[in-house]
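Chain letters run A, B, ... following the sequence lines, proteins first, then strands; residues in each count from 1.
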Amino acid sequence: MMINPVLLKEIKVKMRSWKAVGIIGGYLLILAAVALFITYANASDMYSSTINPQFSIGAYTGIAIIQFILILFIAPALTAGAIAGERERQTLDLILCTKLAPRSIILGKLLASMSHILILIIASIPMFSIVFLYGGISVVEIAQLFGFYIVTAIMAGSIGIFFSTYVKKTIAATVLTYALGIFMCFGTLFIAVFYIRIFYNYNYQSYFPLFYINPLAGFSSLLTEQFGGQYGGILNMIPGLYMVNPLNVKGTAPWLINTYVNIGISVVMLFLAAIKINPTRRGIFFFLKRK
Amino acid sequence: MLEIKNLHKRYGKFYAVNGLDLSIPEGEIFGFVGPNGAGKSTTMKIICGLLTATSGEITVDGVDALRHNNKIKEDIGYMPDFFGVYDDLKVDEYLDFYASVYKVKDANKNKMITDLLELVDLGNKRDAYVDNLSRGMKQRLCLARSLIHNPKLLILDEPASGLDPRARVEMKAILRNLKDMGKTILISSHILSELAEMCTSIGIIDNGKIVISGTVTEIMQQIYSKKLIKIKVNDKLEEAVTILKEFPFIDKITTGENQIQAAFDGGEEDMSRVLYSLVTRSIPVATFAQLDGNLEDVFMKVTKGGEEQ
């Protein structure tokens with residue numbers, strides 16, 4: 001099987017640079033700091049001779065949240081310059097005039113960035129081992145969490161690639177990617193709150209549909225379900241983010257729908273990027289123009 | 001090898017290429033000359049599938065390049081007028097990447113890279129980072145990259161631009177080697193004299209169309225209906241001019257310091273008669289030569305004509 005040459009080259013170039021070492025180092029430092037802080041806070045409770053399951057859940061939640069935020073920040077940064085950077089280095093034409101299909105170029109770029117994210121996730125596994133010391137969290141739950149990370153990273157990365165193909169400069173593509181990311185995380189939240197206030201007077205006992213594109217909402221739903229709806233906490237005060245008890249949400253769990261929606265968004269973004277990058281493209285609706 | 005018929009490329013109301021016709025037989029080095037913005041790079045990009053044509057036909061080795069662009073990609077090696085490089089790749093890794101992209105078999109890859117680096121005289125830079133190479137070296141590496149899949153047709157967009165005189169000479173030597181290897185080459189420049197000495201034929205493009213094409217001699221003959229002769233004498237300048245005026249096929253005589261330039265509309269026998277007359281009548285002739293004509297004048301004359309249209 002031939003491995004995508006763009007992926008191979010990207011991994012070689014990315015992993016060779018100090019930037020990669022810096023990202024992995026900084027990432028692990030932040031996670032280690034969080035894990036140490038939580039462990040220290042628990043150890044300081046020296047009068048307690050029993051193992052407190054709250055600690056394991058607190059440590060898991062703390063590390064998971066920090067890791068999720070870091071991934072949301074890092075994934076777009078890794079991909080927003082993928083195509084725009086090639087354009088700036090004047091190497092894009094050199095690849096486009098080869099036999100490599102535009103979709104292979106796009107996928108190679110995405111997979112290279114995702115491999116970077118994967119390294120970060122794998123490198124963080126020892127941090128999660130602290131949680132296993134105290135029990136209360138299963139391997140399946142960790143696998144669910146990592147799966148959600150990867151799908152969210154692919155979605156954020158695909159948005160980065162999309163803007164990278166449609167905008168000429170890396171900086172502009174990065175700004176637009178983060179702007180859309182902020183809208184998905186917080187813009188949808190504001191829209192939901194105002195919409196529910198105006199049309200439902202806060203009496204909205206379901207998961208607001210716009211939250212299916214909100215990675216934070218999906219992530220909250222995942223954690224809430226993993227803890228049996230016990231730790232919805234402050235999130236339950238947000239109208240439309242109805243996850244106090246997952247049993248109230250009929251059918252598929254919201255975070256799972258978020259996952260499907262993320263996959264859908266990724267496919268659409270990558271498809272549009274592959275069309276845009278093709279210099280001899282006939283447009284998205286070329287088949288309608290056929291005589 | 002390459003046939004272009006009535007090619008058009010329009011951006012809004014502006015035609016970057018406007019009815020361009022071109023034919024390059026196999027094994028030729030065709031010089032594509034024109035001022036900046038004449039449509040050279042646009043035409044080259046259309047051939048390589050980096051731009052779509054508004055209308056027209058292009059065939060490469062008999063294959064319709066506009067409809068079946070993917071089929072002809074392995075037959076074309078393209079070198080743009082800029083050199084795109086990756087910061088953190090070594091010279092052999094750079095070539096290895098493009099070899100993989102062109103699906104060169106692993107068994108042939110290493111030998112191909114070695115041979116190409118020898119061809120472009122970068123054999124000793126194999127482990128150097130691309131970013132640390134000089135401009136001339138990068139340019140040669142780009143040429144090697146365009147050859148990595150052994151294409152039949154090479155499209156080189158101003159390969160010598162920005163190079164110092166030594167690097168230009170080296171680049172020309174490499175291109176001559178490629179010609180000997182049987183490659184068909186389409187090479188562009190905005191300097192006619194740069195291409196004249198290495199190309200088998202030349203086409204001058206202006207305002208998106210070829211205004212004149214052929215060998216350098218043919219072009220000169222089309223532009224100048226008469227040849228130019230230049231005579232240098234050590235003495236008796238006035239007497240020499242008087243003798244020249246006796247011949248009906250010589251006119252437009254101009255003189256400088258001990259030298260005469262004149263338009264000549266005769267054959268080789270007439271030329272020897274003129275020289276014989278000068279020598280037998282004791283004119284101390286130092287040099288007697290037919291001028292090739294000024295290539296830059298040709299370029300200016302042809303491209304100016306285009307502008308007037």
What pair of heavy atoms forms the shortest contact from [X] to [Y], and how long is it?
X	Y	result
A:T91	B:Y98	O-OH, 4.3 Å
B:F97	A:I95	CZ-CD1, 4.2 Å
B:K90	A:R16	N-NH1, 4.3 Å
A:C97	B:Y78	SG-CD2, 3.9 Å
A:P279	B:T52	O-CG2, 3.6 Å

- Message: So if I take each residue of residues 6-25 of chain B and look for any heavy atom under 4.5 Å from a heavy atom in chain A, which residues do I end up with?
- Response: none

- Taken to the nearest 0.5 Å, the spacing of A:T98 OG1 from B:I76 CD1 works out to 12.0 Å

- Separation between SG (B:C48) and CG (A:D93), nearest 0.5 Å, reads 9.0 Å

- Under 4.5 Å from a heavy atom of chain A, the part of B:K71 involved: neither

Check this for me: [X], atom [atom1], are more than 12 non-hydrogen atoms of other residues, nucleotides or ligands nearer than 6.0 Å?
X	atom1	value
B:R135	CZ	yes
A:I171	CD1	no
A:R103	CZ	no

- Message: Only pairs of heavy atoms separated by less than 4.5 Å count here; which of A:V13, A:I105, A:L92 has the most with chain B?
- Response: A:V13

- Item | With B:D157 via side chain to side chain donor-acceptor pair (under 3.5 Å) - residues at least two apart | B:S41, B:S188

- Exam field: side chain A:K12 to backbone B:E93, donor-acceptor pair closer than 3.5 Å: no

- Query: Got a salt bridge between A:K9 and B:D96, using NZ or NE/NH1/NH2 to carboxylate O under 4.0 Å?
  - Reply: no

- Query: Going through the checks in order, is the side-chain contact (heavy atoms from CB on, under 4.5 Å) test met by A:K99 and B:V101?
  - Reply: CA-CA 7 Å; A:K99 285 198 85 177; B:V101 164; over 6 Å; no

